[in-house]
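Data block below; observations after.
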Amino acid sequence: METYPVITGISSDATPPPLFELIPSTHPGLPGLLTLTAAAMGLANRSEVFRADLIRRFLDRPPTAEPGTNDPVSAFLMESLGKNRNLDRRTAEARTIADGWLRRGVWAVRLVDGPGPPVLFAWGPERMLYQDLAVVLNSRKPRLILPDADWIPVTRQMTPWAAAHDYIPATGLGAPAYDLTAATTVLRGGGQVVVLDGSLPAMGDTSHEKAFLAEFGNLVPEDQSLVLSPFLPGPVRSPHRAEIRDACLVHLSRLVLVAEARAGGVVERLAGPARSQGKTVFVYRPEKMEPETAGNRNLLSDGAGSFEIRKSGPALSRHRRIAVSFSANDHLAPESSPNWLIAAPGEPCLFHFTRAYPGPWPDQDRLEYARELLFELPTAGRTAFDTLKRILLEHRIRAGRRMVRGDQAVVSFTGRDPRRLSDLRKWRPGLGRWTVEPYGLGFRKKALETLGAAPVVYGGEADWEKLPQDLRYRFQLETSPAGEWWKEDEWRLADDLALDRLASSDWFIVVPTLEEAWEINHLFRRPVWAPGSMTGEPINPVP
């Protein structure tokens, strides 16, 4: 359905001040700055974000060598941090490191009266900073993204609108909303500026750079992306790194677009003062204010411009969790059931249950996943039901190594009846999902045993030592602080399970409700068992 933005209000009430100053590779102060950076990495009081006073002083007043030193940077460090007999040696080592960064194309951006760090390390084409920047802001999202969430089409509209008005999009990486902004820009073929919440890959070792490119390479095409970081090289320990990144993005940008802001959150705190700093601020005005957009209401009330998306049809859809509850005994009577809807299996079975899988699938890159969300494809969901559909589409259960000692990947099953798993079903806040969900596949135990499935060996460390190497993938601690694992009655099969290795009569689909049973059978034409929820409670309650 076609959408278009409607812009109302005047958001900027001050003359735009200068925001930053480029320190390109030809700048005489850059080698010294990078040398100072490398030297600071070895200081006892190392900080991920540079001390603002130290760096500003270094850039404002180029240091000169003092008696007893061979290097201006050594002199500056001695003046700033006190005498140290190892300072010349450390500075010489630091210069070698800095020379390597320069060869890899690292330069820097000096922020003018910006929040936090006065310098951003830079990697990529300088031309991206010759146009005004625009940032699209969203409050933090849950790990599991619902494809029909309102903020997705809003973000999708804001990014090209800014580009059409001659702004270069500025974004982060790793957070779903920022990934969508980057993906929108890449798919349009435009340039972008990316600020990281970690250190610059080009200032780490080659493994760091390779890992970054493997995860984000498709979202940051080399000639289209300028990558910036306010952090020293190495692991970032700051608990506020995401907020530091967001503050840098807002400071660099002339145009601030707010898609979704919670009241009192980081987005509202950053966007609120932006107008008085000479920036243009537009805020999405939803048709109905929800808790997720309470910050939008506050910003609009304070005078920010209004960004509206109107549709020729109904308002933007919102995912509504359907609280469906069936008791363990609710099922259609055999005489009224279609032949694909089966009753409880009459022979021993093993079950493989699926879970929600936030983010890209294991073999999927972030750009492909973002594309699914941007274009509202039915494959964009990552609920346990969606995971089940993916297994059936691939006709394969992929093996994994989670909770398995050693390198052997396995497919796990349980001998527990789906109707008797309530004691194992717990909400895991850190993972954003349930430990067990009522979606999966059921298999005749004899058929899996023929393929090599075997029960887990529960025990202690002594039992692990006794097991032959080729059987250790079956070992599981009997109990641990995380739980009593023996209750799971787990079985394991080494490597993937291709469903075509089984006879059609050897397996069936398990879902909790009759509605989902009809849907999954319509898609895959397979026998389905719908025994009801595991707990007698809503299937997807909000914890």
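For this chain, numbers begin at 1 and follow the sequence in order. Values reported hereafter were calculated over all heavy atoms of this structure, with side chains retained and with hydrogens, waters and symmetry mates removed.
No donor-acceptor distance shorter than 3.5 angstrom exists from the side chain of R156 to the backbone of T184, with no hydrogens or angles considered. In this structure, T383 contributes its side chain and D386 its backbone to a donor-acceptor pair below 3.5 Å. A distance-only check finds no donor-acceptor pair linking the side chain of D463 to the backbone of G459 [under 3.5 Å]. Proximity of a side-chain donor or acceptor of D179 to a complementary backbone N or O of G174 within less than 3.5 Å is detected. One N or O on the side chain of S229 and one on the backbone of G198 form a donor-acceptor pair closer than 3.5 Å. At distances below 3.5 Å, not a single donor-acceptor pair connects side-chain atoms of R262 with backbone N or O atoms of A294. With hydrogens and angles ignored, the 3.5 Å screen pairs a side-chain donor or acceptor of H352 with a backbone N or O of S412. Listed for the R472 side chain is no donor-acceptor partner under 3.5 Å among the backbone atoms of G406. Within the 3.5 Å criterion, the main-chain N or O of T414 finds no donor-acceptor partner in the side chain of D489. Q192 places a side-chain N or O within 3.5 Å of a backbone atom of L219 that can act as its donor or acceptor partner.
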Show your reasoning for whether side chain to side chain donor-acceptor pair (under 3.5 Å) applies to D246 and Y178.
-> CA-CA 10 Å; D246 296 345; Y178 283 143; 2.8 Å; yes
Please lay out, stage by stage, how E461 and K466 fare under the test salt bridge (Lys or Arg N to Asp or Glu O under 4.0 Å).
-> CA-CA 9 Å; E461 293 298 330; K466 294 177 184 176; over 6 Å; no
Could you give me the CA-CA distance, side-chain angles and deciding distance for L392 and L388, then say whether side-chain contact (heavy atoms from CB on, under 4.5 Å) is met?
-> CA-CA 6 Å; L392 294 169; L388 173 60; 4.2 Å; yes
Under the side chain to side chain donor-acceptor pair (under 3.5 Å) criterion, do T293 and E290 qualify, and how do the steps go?
-> CA-CA 5 Å; T293 52; E290 302 279 356; over 6 Å; no
Go through E268 and N298 one step at a time and tell me if the side-chain contact (heavy atoms from CB on, under 4.5 Å) criterion holds.
-> CA-CA 8 Å; E268 184 180 346; N298 296 340; 3.3 Å; yes
Residue pair T354, E437: steps toward the side-chain contact (heavy atoms from CB on, under 4.5 Å) verdict = CA-CA 7 Å; T354 59; E437 298 196 57; 5.9 Å; no
Carefully, step by step, assess L499 and W507 under the rule side-chain contact (heavy atoms from CB on, under 4.5 Å).
-> CA-CA 9 Å; L499 297 180; W507 63 281; 3.8 Å; yes
Please walk me through it: do D495 and Q408 pass side chain to side chain donor-acceptor pair (under 3.5 Å)?
-> CA-CA 7 Å; D495 300 320; Q408 177 62 61; 3.0 Å; yes
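A ring pair (Phe, Tyr, Trp, His ring centres under 6.0 Å) with F413 is found for exactly one of W491, F353, F443, namely F443.
W529 places a side-chain heavy atom less than 4.5 Å from the side chain of P418. By the 4.5 Å heavy-atom criterion applied to side chains, L451 and R501 are counted as neighbours. Annotation: side chain of L441 is not in contact with side chain of V510 (no heavy-atom distance under 4.5 Å). Using a 4.5 Å heavy-atom threshold, the side chains of P147 and E376 count as separate. V227 is listed as a side-chain neighbour of L196, based on a closest heavy-atom distance under 4.5 Å. Taking 4.5 Å as the limit, every side-chain heavy atom of V135 sits out of range of all side-chain heavy atoms of V195. Looking only at side-chain heavy atoms (C-beta outward), R143 and P176 stay at 4.5 Å or farther from each other. Side-chain atoms of L137 and V256, non-hydrogen and from C-beta on, do get closer than 4.5 Å to each other.
The two atoms that bring F508 and C349 nearest to each other are CE2-SG, 4.0 Å, heavy atoms only. Nearest heavy-atom pair, I342 versus P527, reported as atom, atom and distance to 0.1 Å: CG2-CB, 4.0 Å. Taking both residues in full, the closest heavy atoms of V136 and A259 are given as CG1-CB, 4.3 Å, listed atom of the first, atom of the second, then distance. The shortest non-hydrogen separation linking L173 to V194 is CG-CG1, 3.6 Å. Across all their heavy atoms, S306 and R285 have their closest contact at OG-NE, 3.1 Å. Residues L341 and L514 share a closest heavy-atom pair of CD2-CD2, 4.0 Å.
Atom CG of L502 and atom OG1 of T450 lie 9.0 Å apart (nearest 0.5 Å). Taking CH2 of W151 as the start and CG of N138 as the end, the distance is 6.0 Å to the nearest 0.5 Å. To the nearest 0.5 Å, the span separating CG on L249 from CZ on R245 amounts to 7.0 Å. The CG atom of L180 sits 10.5 Å away from atom OG1 of T185, with the distance rounded to the nearest 0.5 Å. Here OG of S199 is found 4.5 Å from NE2 of H208. Values are rounded to the nearest 0.5 Å. Atom CD of Q157 is separated from atom CG of L257 by 12.0 Å, given to the nearest 0.5 angstrom.
With salt bridges taken as basic N to acidic carboxylate O contacts below 4.0 Å, none links R416 and E488. Between E347 and R444 there is a salt bridge, since at least one side-chain N of the basic residue sits less than 4.0 Å from a carboxylate O of the acidic one. Between E372 and R390 no salt bridge is recorded (no basic side-chain N to carboxylate O distance below 4.0 Å). With respect to R398 and D496, no salt bridge is recorded, no charged nitrogen being found less than 4.0 Å from a carboxylate O. A salt bridge links E490 to R492: at least one charged side-chain nitrogen sits closer than 4.0 Å to a carboxylate oxygen. Using a 4.0 Å cut-off between charged side-chain N and carboxylate O, E519 and K389 make a salt bridge. Electrostatic pairing of E449 and K445 does not count as a salt bridge here, judged by no charged N lying under 4.0 Å from a carboxylate O. Salt-bridge check for R140 with E260: failed, with every basic side-chain N at 4.0 Å or more from each acidic carboxylate O.
Side-chain N/O atoms of E516 and T513 include a donor and acceptor closer than 3.5 Å.
At most 12 heavy atoms of other shown residues, nucleotides or ligands fall within 6.0 angstrom of atom CG in D407. For NE2 of H395, the number of neighbouring non-hydrogen atoms (other residues, nucleotides, ligands) closer than 6.0 Å is greater than 12. Annotation: E222, atom CD; neighbour count of heavy atoms from other residues, nucleotides and ligands within 6.0 Å does not exceed 12.
Under the 30°/60° scheme for interplanar angles, the aromatic rings of F212 and W123 are found to be tilted.
The ring of W518 has its center closer than 6.0 angstrom to the ring center of W340. Under the 6.0 Å cut-off for aromatic ring centres, Y284 and F307 do not qualify, their centroids lying 6.0 Å or more apart.
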